[in-house]
Amino acid sequence: MIENIPLPATDDPVDATFWAGTRCGELRIQTCQQCDQMRFPPRPMCPSCQSQESYWQPVSGRGRVWSFAVPSSPLLPAFEKLTPYVVALVELEESPTLRLIGPVLHSVGGEVSGVEAKDVRIGAEVTVDFKRYSDDVAMPCWVLGK
Amino acid sequence: MLKDRTAIVGIGETDFAKRLHDTEWGLACAAIKAALDDAGIAPSMVDAMGCFTQETTPEFEIARSLGFGDVHFFSQTAHGGGAACGVVGQVALAVASGVANVGVVWRSRKRGDPGKRQWAGVQERVTDHWKWSRCQGLLRPVDEIAITARRYMHDFQVTREQLAEVALTQRAYAANNPKAIMRDKPMALDDYMTARMISDPLCLFDNCLESDGAIAMVIVRAEDVNTATQQPVYIHAFSQGLSPQHQLMTDYHGDDPLRSSSYTTAANLWRQSDIQAQDIDVAQFYDAFSPMVLYCLEAYGFCGRGEAASFIANGGMSVTGELPVNTSGGSLSEVYLHGMNLLSEAVRQLRGSADNQVAGARSALVTTCDSTPNGALVLRGA
Ligand SMILES: [Zn+2]
């Protein structure tokens with residue numbers, strides 16, 4: 001069992017630009033060059049028009065909690081140490097079918113650990129914040145409020 | 001059409017336990033041999049094989065252990081809990097079409113050891129679609145289902161007391177099943193309500209068991225059934241399903257994340273079936289996590305959306321209820337074998353030999369995991 005939090009590979013050409021964006025404090029969503037439809041998670045083809053050309057559109061980082069989970073034991077050691085914590089699935093303001101998962105932070109720049117179920121509710125407004133997990137991973141997280 | 005052209009004529013099971021000494025390979029062999037004995041068919045007659053991609057023993061090792069002859073068809077179905085009905089359906093298609101004559105399907109699994117939990121094997125770097133959820137803290141399958149469960153319970157005002165009916169009913173079934181791992185562990189509502197949370201809103205008893213065992217089945221063409229010696233259960237309808245924008249387990253990216261691949265499977269299953277939802281006598285719904293039973297009741301049309309909790313209230317899924325469900329105790333209380341025990345229980349119900357026998361059962365629905373690419377079967381008794 002690994003000791004630390006598992007990290008996303010950030011060098012895959014299909015989503016490297018997403019992670020480059022989070023490193024500079026920007027949430028970017030892959031968008032079709034031909035029909036302008038945004039899609040998440042990133043993939044090589046647009047499901048609406050089958051174009052393989054895309055660009056990355058910065059979005060507001062605001063959204064609403066669609067749902068959330070409060071994991072508890074047994075977990076990986078690194079997650080055990082964080083309990084209690086909340087992981088939310090958030091619908092982005094730009095389109096409700098764009099949904100991203102992220103831990104909920106106490107406050108802007110705050111901790112993942114210490115957030116409880118009673119602190120979060122379905123429908124709550126949240127704003128993205130980025131937490132450095134490693135040199136290459138700035139994880140999008142959610143802070144309650146606009 | 002596949003309709004009634006093939007039949008399950010043998011089922012074989014090992015013991016079920018938190019820990020068995022035999023290997024997955026050995027357990028697979030024992031279950032397949034027991035299924036062939038049940039069918040009265042010699043291993044040398046088998047020429048089609050179907051299993052899960054997650055099976056650790058390759059087909060050739062199984063074939064040369066059991067002494068199969070020339071094998072003409074082998075297929076594997078992916079996605080763990082979503083696979084069982086696909087495994088059976090694909091072999092049935094091969095047998096019905098004449099590619100092969102005698103098929104065996106199996107699942108052998110040792111997961112009683114907590115060290116074998118799949119999530120515990122997550123690597124330092126995640127390269128596939130799990131990078132969007134596991135690194136963020138949705139580490140385990142239960143966390144992934146907690147997301148949809150909380151939203152479902154919120155949208156349809158379902159309480160934990162109502163959800164408890166699934167675990168409580170299945171535990172009561174297990175009490176009558178000598179093979180069920182939880183047969184001697186009665187559960188009351190208070191036990192459920194005070195159980196520790198694993199991923200709020202899901203508690204310990206909303207989770208399937210971690211267990212060891214193997215189950216196998218034998219499939220032949222209907223015209224080859226020997227009714228003097230065999231008890232056939234006919235494969236009446238089959239479909240797999242993968243809905244638009246589906247994503248394995250974290251199926252959150254479609255227009256409506258509560259509309260799972262089960263809806264895709266159900267529509268195509270009922271299209272092919274003379275037996276419709278209202279005609280089904282007993283159902284076996286894949287139940288790695290208890291909310292999946294509610295999801296399946298709605299997706300397969302036994303009640304409207306958001307109505308499943310009312311449907312199962314007050315014993316609705318018990319043996320005398322509106323629709324008896326998971327009558328062996330299922331994955332929550334009998335054994336967790338990626339749903340193969342749900343299939344063998346459906347066969348027993350239609351043979352009239354189940355421990356919790358539904359009086360006069362003639363038709364059964366078996367489903368697989370709501371949250372993965374999945375499949376389902378309608379089975380018909382002789
Ligand atoms: Zn497009």
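Order of the sequence lines sets the chain letters (A, B, ...), proteins ahead of strands, with each chain counted from 1.
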A/M1 portion near chain B, given a 4.5 angstrom heavy-atom threshold
both
Nearest 0.5 Å please: distance from the CH2 atom of A/W19 over to the NZ atom of B/K131.
7.0 Å
Centroid-centroid under 6.0 Å between B/W119 and A/F79 rings
no
What part of A/V137 lies closer than 4.5 angstrom to a heavy atom of chain B: side chain, backbone, both or neither?
side chain
With a 4.0 Å cut-off, would you call A/D12 and B/R125 a salt bridge?
no
Any donor-acceptor pair under 3.5 Å linking the side chain of A/R99 with the backbone of B/Y252?
yes
Measure the spacing between CD of A/E116 and CG of B/D200 and express it to the nearest 0.5 Å.
10.5 Å
Contacting moiety of B/E144, where chain A heavy atoms sit under 4.5 Å
neither
One should read off an interatomic distance between B/R150 CZ and A/W66 CH2, to the nearest 0.5 angstrom, of 11.5 Å
Checking heavy atoms, do the side chain of A/L82, its backbone, both or neither come under 4.5 Å from chain B?
neither
Just wondering, do B/V126 and A/P6 contact through their side chains at under 4.5 Å, heavy atoms?
yes
How long is the span from the CD1 atom in A/I122 to the CG atom in B/D155, to the nearest 0.5 Å?
6.5 Å
Residue part contacting chain B, namely of A/S134, when any heavy atom lies under 4.5 Å
side chain
Distance, nearest 0.5 Å, that separates CG of A/L7 from CZ of B/R134
14.5 Å
Identify which part of B/L139 has an atom lying under 4.5 Å from any heavy atom of chain A, answering side chain, backbone, both or neither.
side chain
Just verifying a value: how many Å separate A/I101 CD1 and B/S133 OG, rounded to the nearest 0.5 Å?
5.0 Å
Contacting region of B/Q123 [heavy-atom separation from chain A under 4.5 Å]:
backbone
